[in-house]
Amino acid sequence: MKSVHVGVFAIAAAVFTPVAVFAEQADSVVPASEAFDTGFQEWLTTFRPRAVAAGIDDATFDTAMRGVKFDANVVRRDRNQSEFTKTIWDYLATATSDARIENGMRALAGQREALEQIEKTYGVEKEIVVAIWGLESAYGTFRGDDNVISSLASLAYEGRRQDFFEGELVEALKILQAGDTSAAQMTGSWAGAMGHTQFMPSSFQLHAVDFSGDAKRDIWSDDPRDALASTAAYLKHFGWTTGQPWGTEVQLPAGFDYLLADREVTKSSPEWAELGVVGVSGEAVPDNGPASILLPGGAKGAAFMIFDNFAVLERYNSADAYVIGVGHLSDRLKGGKPIQHPWPMEDRALSFAERIELQTELTALGFDTVKIDGKIGPLTISAVRKFQTSKAVAPDGYASVRLLDMVREAR
């Protein structure tokens, strides 16, 4: 499950940041289903002409909406503010576990002919496609069994993001109208993401392909070929460069200027080498185009040199943890080594309340985070760097418990 972002899996339960991955906690209080049923039915009545105006015929609408009821659990999960956190190293331990690697090798072998053809057609390496498949649905074993129409309708009626979810609902109805699948078979996550590689309806409409040749773009069935090809088509559309790595682990020299570890700072591999940045075995990193240095665990954790394909993977999911998870899993499926540098295992991730406190206190100290939302994004990382610089500590942008304690002391 993923965070809100513009891409295939446009919304889901957990928020990933460079510091932590926030797990789901569905304990928010929302009205009982029966309290919403009458209003929901009234909303369906008002939604119908909007759907028809968007091109949905009466038969499709009636078939899709038959028996659909308001689902309070979907809204509860959408409203959830995640309180439990998982560090990036704990997340990667699951995302690239021995079992996931072993199952990925099995998936590669089982779909090798199709994957090789997909790679040839779209120029996206088969290991990347399989890694996404592995993280999105555990290679098709957990595709989600929520009724997509019901989920999207419930979220649209609830109203906090009505325009977004109504738009996705209309696209889902168009998929049914085109005959790619049936309403009964259109299942997925609670937020409406569907199939082996979890496409939202709008992304399906733009990027899904019929690879199997049956005149349907079927990402829901046990046959994963259409889903895998659609994923490759999506990445190709957003600029995937064949043969370019997503990134590679590197060593930073003593005295490295951590202000350079910024997505806005790009240099060629030879330019980074001049600054002492080398591969984990001391080798020069091949020149794969403009690259940035990423420190998802701060100065004490592993460092990565990331290339343009990293940003392409972000179109699928904008979380650094997810992109690193996909990239590293794909490397392991190619026979690559585990991440070599140790993580700061003594650290824990900040809770939601602590992240809010950090943003509030930094802003009060004059290091404006712009938003107080509990998300450690680029604006908050920039504020952290400025605070760290003022305290003459490594400005790695890492929002740790130690950093929060420093901010508290400064107040």
Side-chain angles (χ1 to χ4, degrees), residues 1-12 15-18 95 114-137 164 167-168 171 174-175 180 188-189 191-211 217 219 224-248 263-264 266 288-292 294 296 304-331 333-334 377-378:
M1 297 299 190
K2 317 301 181 305
S3 60
V4 177
H5 62 93
V6 180
V8 176
F9 200 140
I11 176 171
V15 178
F16 298 160
T17 76
L115 286 164
E116 289 178 349
Q117 185 59 45
I118 289 168
E119 183 175 313
K120 181 178 179 181
T121 301
Y122 298 103
V124 179
E125 289 78 4
K126 55 185 175 295
E127 292 86 0
I128 281 287
V129 174
V130 170
I132 290 174
W133 187 21
L135 265 62
E136 294 293 350
S137 69
F164 172 77
E168 292 296 331
E171 296 304 324
K174 288 180 180 179
I175 292 168
D180 285 303
S189 80
M194 311 174 295
H196 287 264
T197 52
Q198 297 290 278
F199 271 46
M200 289 297 287
S202 59
S203 291
F204 176 96
Q205 291 286 61
L206 291 171
H207 304 291
V209 298
D210 169 25
F211 187 80
R217 298 177 295 173
I219 65 173
R225 290 177 295 169
D226 284 359
L228 299 178
S230 297
T231 298
Y234 181 94
L235 295 177
K236 184 64 175 179
H237 173 82
F238 285 108
W240 185 266
T241 300
T242 306
Q244 182 189 78
W246 65 275
T248 185
R263 293 291 297 276
E264 298 302 315
T266 61
N288 287 293
S292 299
L294 183 68
F304 300 91
M305 185 182 295
I306 59 173
F307 302 95
D308 287 346
N309 277 347
F310 189 98
V312 177
L313 289 173
E314 283 184 310
R315 299 303 298 258
Y316 214 94
N317 185 306
S318 60
D320 285 351
Y322 176 87
V323 177
I324 295 169
V326 166
H328 185 52
L329 178 57
S330 72
D331 291 342
L333 294 177
K334 294 176 183 178

Do K174 and F204 come within less than 4.5 Å of each other through their side chains, counting heavy atoms only? no
Rounded to the nearest 0.5 Å, what's the gap from CD on Q205 to CE on M200? Could you check? 12.5 Å
L235 and L313: side chain to side chain contact (heavy atoms under 4.5 Å, CB included), yes or no, with the steps? CA-CA 7 Å; L235 295 177; L313 289 173; 4.2 Å; yes
Heavy-atom side-chain contact between E314 and D320 under 4.5 Å: yes
In sequence, state the C-alpha distance, the side-chain angles, and the governing distance for I219 and Q198, and then conclude on side chain to side chain contact (heavy atoms under 4.5 Å, CB included). CA-CA 9 Å; I219 65 173; Q198 297 290 278; over 6 Å; no
Cationic N near anionic O, under 4.0 Å, D210 to R217: no
Where do F307 and T241 land on the side chain to side chain contact (heavy atoms under 4.5 Å, CB included) test, with the steps shown first? CA-CA 10 Å; F307 302 95; T241 300; over 6 Å; no
Between T266 and S292, does a side-chain hydrogen bond (donor to acceptor under 3.5 Å, both in side chains) hold up when you go through it step by step? CA-CA 5 Å; T266 61; S292 299; 5.6 Å; no
Atom of F238, atom of H207 and distance for their closest heavy-atom approach: CE1-NE2, 3.9 Å
Taking D226's backbone N and O only, do any of them form a donor-acceptor pair with S230's side chain (distance below 3.5 Å, no angle check)? yes
Walk me through whether L294 and F310 qualify under side chain to side chain contact (heavy atoms under 4.5 Å, CB included). CA-CA 11 Å; L294 183 68; F310 189 98; 3.7 Å; yes
For the atom pair NZ (K120) and OG1 (T242), what is the distance rounded to the nearest 0.5 Å? 13.5 Å
Just by distance, no angles: are the side chains of E168 and S202 close enough, under 3.5 Å, to form a donor-acceptor pair? yes
With the side chain counted from C-beta on, respond yes when S137 and T197 share a heavy-atom pair under 4.5 Å apart, and no when they do not. no
Rounded at 0.5 Å granularity, tell me how far CG in N288 sits from CE in M305. 9.5 Å
Closest contact, heavy atoms only, G325 versus L135: C-CD2, 4.0 Å
pair P296-I324: side-chain heavy atoms closer than 4.5 Å: yes
Partner residues of T121 under the side-chain contact (heavy atoms from CB on, under 4.5 Å) criterion, sequence neighbours left out: Q117
Minimum heavy-atom separation for I118 to A232, with atom names? CG2-CB, 3.5 Å
Check the orientation of Y322 and Y316. Use parallel for under 30°, tilted for 30 to 60°, and perpendicular for over 60°. parallel
Using side-chain hydrogen bond (donor to acceptor under 3.5 Å, both in side chains) as the criterion, point out the one residue from D308, D331, N309 that pairs with W246. D331
Which heavy atom in F199 sits nearest to a heavy atom in A208, and how many Å separate them? CE2-N, 4.3 Å
Answer yes if the ring centres of H328 and F304 are under 6.0 angstrom apart, and no otherwise. no
Output a table of donor-acceptor pairs, distance under 3.5 Å, between side-chain atoms of residues 122-133 and any protein atom two or more places apart or on a different chain; print 'none' if there are none.
unit_1, atom_1, unit_2, atom_2, d
E125, OE1, W240, NE1, 2.8
E125, OE2, G243, N, 2.6
W133, NE1, H196, ND1, 3.1

